Amino acid sequence: MSNNTNNTEMNNLAMEEEDEGEIFLGESDVLREIDVDEEDLPEADDDDMDDDGEQFDENDDSVHTFTGHKGELYALACSPTDATLVATGGGDDKTFLWKIGNGDWAAELPGHKDSVSCLAFSYDGQLLASGGLDGVVQIFDASSGTLKCVLDGPGAGIEWVRWHPRGHIVLAGSEDCSLWMWNADKEAYLNMFSGHNLNVTCGDFTPDGKLICTGSDDASLIVWNPKTCESIHIVKGHPYHTEGLTCLDINSNSSLAISGSKDGSVHIVNIVTGKVVSSLNSHTDSVECVKFSPSSATIPLAATGGMDKKLIIWDLQHSTPRFICEHEEGVTSLTWIGTSKYLATGCANGTVSIWDSLLGNCVHTYHGHQDAVQAISVSTNTDFIVSVSVDNTARVFESSEFQNKVT
């Protein structure tokens with residue numbers, strides 16, 4: 001066979017191998033084997049990435065996503081004076097300050113030795129309080145993120161923190177059954193309130209600043225005198241809740257407290273008399289969130305959300321459900337959008353929905369979270385809704401179109 005014939009056959013073989021597009025190695029070609037940890041392998045294809053190398057989700061309606069946390073998010077607060085400033089905290093034991101629309105700015109506020117469970121800005125936006133499961137409350141300068149002081153005393157985790165409506169007095173409820181109050185400016189302990197028998201799960205100052213209302217896992221609500229630490233009213237037993245309280249809210253004129261419970265019941269208490277004035281029974285599972293309607297509302301309403309997948313808008317004049325708004329999963333959080341007729345709910349399926357309280361219909365649903373929403377809040381100018389989730393992210397959604405005043 002001539003050399004020309006051999007060359008032609010070799011070229012044909014090479015072309016066939018190129019057409020096949022795959023070349024297989026035999027065992028004799030393997031030099032050594034390397035073990036690869038499956039956790040180190042990429043989870044997303046390049047086709048799922050945007051130009052910045054981040055995973056792209058066409059179902060994400062958020063206009064800003066904060067991804068600084070390395071664990072589930074539990075706590076959220078929007079500044080009352082800066083419409084772009086947000087604080088978030090979670091299971092990575094960290095608090096972050098960050099700004100809506102400014103992805104290049106974020107301040108990490110370390111210090112807690114366990115999960116950050118709650119956050120609150122002072123009435124004037126100057127200070128930020130963070131409570132942790134490590135049992136301490138930290139106070140930060142909100143503009144710089146500088147740690148101002150550490151307030152300790154409780155013997156167990158902090159369940160919630162609140163500020164006095166007109167001063168730098170901070171209040172915290174603890175898992176050790178106690179309630180603590182400090183002066184943040186003077187970094188001084190003021191009072192410890194003892195009266196509950198289990199975790200103090202929820203509480204706040206009345207809007208006029210004269211009283212404190214707290215709820216507990218012991219199924220009681222206590223109205224306190226903040227100056228003397230004395231309990232003015234203890235609301236417990238029939239016709240009140242039979243299981244622990246999960247949430248409460250106080251109306252704008254400081255006369256009524258609404259509370260929700262693990263037993264699915266909702267009750268309204270007259271703060272002045274300590275009497276149960278209304279029992280709202282339509283939920284069939286734990287009630288997770290309760291809110292009175294804005295003071296400007298012409299019709300007195302309240303909204304409650306529960307793990308029975310329902311948002312219920314109540315007519316308080318008749319103590320009856322005005323609307324029952326179904327969700328795909330449990331309702332974990334809710335907030336009214338400023339003084340408008342609209343309210344937002346956070347859902348265990350990761351969605352945030354907007355509802356018209358006068359018509360009872362869902363007017364918009366935002367997608368983006370990959371897991372349950374834990375908390376939602378509205379920017380002080382009501383242009384944005386912020387939500388935090390167990391998917392390790394905080395997301396911002398535009399809400400400026402839902403600012404119509406209550407009519």
Side-chain angles (χ1 to χ4, degrees), residues 43-78 84 86 88 90-91 96 98-103 288-289 291 303 305-313 323-338 340-357 359-379 381-404:
E43 296 181 352
D45 296 330
D46 291 340
D47 292 341
D48 295 328
M49 299 293 181
D50 60 18
D51 294 337
D52 297 324
E54 296 185 358
Q55 194 164 356
F56 176 75
D57 184 356
E58 62 182 4
N59 294 320
D60 187 356
D61 300 318
S62 62
V63 295
H64 185 120
T65 303
F66 180 74
T67 58
H69 288 278
K70 303 303 179 185
E72 297 180 357
L73 273 69
Y74 309 129
L76 166 67
C78 290
T84 66
V86 179
T88 50
F96 280 93
W98 48 276
K99 292 190 174 183
I100 297 172
N102 188 348
E288 299 296 305
C289 42
K291 290 284 184 184
M307 295 312 293
D308 58 359
K309 307 179 184 180
K310 292 180 175 65
L311 161 72
I312 301 181
I313 299 170
F323 301 108
I324 297 178
C325 310
E326 299 285 348
H327 290 64
E328 292 183 2
E329 297 292 341
V331 180
T332 61
S333 48
L334 68 84
T335 183
W336 294 87
I337 301 179
S340 76
K341 64 179 180 177
Y342 298 105
L343 61 128
T345 55
C347 185
N349 72 348
T351 59
V352 173
S353 297
I354 308 295
W355 302 83
D356 185 324
S357 66
L359 299 177
N361 62 314
C362 180
V363 295
H364 196 82
T365 297
Y366 301 99
H367 298 85
H369 286 296
Q370 303 301 310
D371 211 330
V373 173
Q374 294 278 64
I376 59 175
S377 185
V378 179
S379 62
N381 63 358
T382 69
D383 281 348
F384 301 102
I385 295 170
V386 186
S387 57
V388 296
S389 168
V390 296
D391 69 1
N392 302 4
T393 71
R395 294 179 185 269
V396 181
F397 305 99
E398 287 187 356
S399 58
S400 55
E401 63 182 293
F402 306 111
Q403 294 177 339
N404 296 336

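In this text, all values refer to a predicted model and were calculated from it rather than measured experimentally. All heavy atoms count here, side chains included; hydrogens, waters and symmetry mates do not.
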(message) Keeping Thr382 on the side-chain end and Gln403 on the backbone end, is there a donor-acceptor pair under 3.5 Å?
(response) no
(message) Quick one, Val386 with Phe397, criterion side-chain contact (heavy atoms from CB on, under 4.5 Å). Give me CA distance, side-chain angles, the key distance, then yes/no.
(response) CA-CA 6 Å; Val386 186; Phe397 305 99; over 6 Å; no
(message) Do His369 and Ser387 pair up side chain to side chain, a donor and an acceptor below 3.5 Å, judged on atom types alone?
(response) yes
(request) Verify side-chain contact (heavy atoms from CB on, under 4.5 Å) between Ile354 and Ile337, making sure each step is shown before the conclusion. (result) CA-CA 9 Å; Ile354 308 295; Ile337 301 179; 3.8 Å; yes
(message) Between Asp61 and His367 (side chain of the first, backbone of the second, donor and acceptor by atom type, cut-off under 3.5 Å), is there such a pair?
(response) yes
(message) For a 4.5 angstrom cut-off between non-hydrogen side-chain atoms, does Asp356 reach Tyr342?
(response) yes
(message) With a 3.5 Å distance limit and no angle check, can you tell me whether Ser357 reaches the backbone of Lys341 through a side-chain donor-acceptor pair?
(response) yes
(request) Looking only at non-hydrogen atoms, find the nearest pair between Ile313 and Cys325 and report the distance. (result) CD1-SG, 4.3 Å
(message) Could you check whether Arg395 pairs with Asp60 (Lys NZ or Arg NE/NH1/NH2 to Asp/Glu carboxylate O, under 4.0 Å)?
(response) yes
(message) Against His327, only a single residue in Thr351, Thr365, Asn349, Thr345 fulfils side chain to side chain donor-acceptor pair (under 3.5 Å); can you say which?
(response) Thr345
(request) Would you mind reporting whether Asp383 and Val378 have side-chain heavy atoms less than 4.5 Å apart? (result) no
(message) Could you check whether any side-chain heavy atom of Leu334 comes within less than 4.5 Å of a side-chain heavy atom of Leu311, counting everything from C-beta outward?
(response) yes
(message) Give me the atom names and distance for the closest heavy-atom approach of Phe402 to Tyr366.
(response) CE1-OH, 3.4 Å
(request) Begin from the C-alpha positions of Ile376 and Val352 and carry the test side-chain contact (heavy atoms from CB on, under 4.5 Å) through to its verdict. (result) CA-CA 8 Å; Ile376 59 175; Val352 173; 4.3 Å; yes
(message) Has Tyr74 got a side-chain atom pairing as donor or acceptor with Thr88's backbone, closer than 3.5 angstrom?
(response) no
(request) Specify the closest pair of heavy atoms between Gln374 and Leu73, including all atoms of both residues, with the distance to one decimal. (result) CG-O, 3.2 Å
(request) Dump the intermediate steps for side-chain contact (heavy atoms from CB on, under 4.5 Å) on Phe384 and Val63, then the final yes or no. (result) CA-CA 9 Å; Phe384 301 102; Val63 295; 4.2 Å; yes
(request) State the CD-CD distance between Glu401 and Glu398, to the nearest 0.5 angstrom. (result) 8.5 Å
(request) Check whether more than 12 heavy atoms from other residues, nucleotides or ligands sit under 6.0 Å from atom CD of Glu328, and answer yes or no. (result) no
(message) Treating His64 as the side-chain partner and Ile100 as the backbone partner, does any N or O pair qualify as donor plus acceptor under 3.5 Å?
(response) no
(request) Could you tell me which non-hydrogen atom of Cys78 sits nearest to which non-hydrogen atom of Val86, and how far apart they are? (result) SG-CG2, 4.3 Å
(message) For Phe66 and Phe96, I'd like to know if the aromatic rings sit close, meaning centre-to-centre distance below 6.0 Å.
(response) yes
(message) Is it the case that the side chain of Ser389 and the backbone of Thr393 share a donor-acceptor pair, with hydrogens and angles ignored and the cut-off at 3.5 Å?
(response) no
(message) Any donor-acceptor pair under 3.5 Å linking the side-chain atoms of Thr332 with those of Glu288?
(response) no
(request) Can you see which heavy atom on Ile385 is nearest to which on Ala344, and at what distance? (result) CD1-CB, 3.9 Å
(message) Treating Asp391 as the side-chain partner and Gln370 as the backbone partner, does any N or O pair qualify as donor plus acceptor under 3.5 Å?
(response) yes
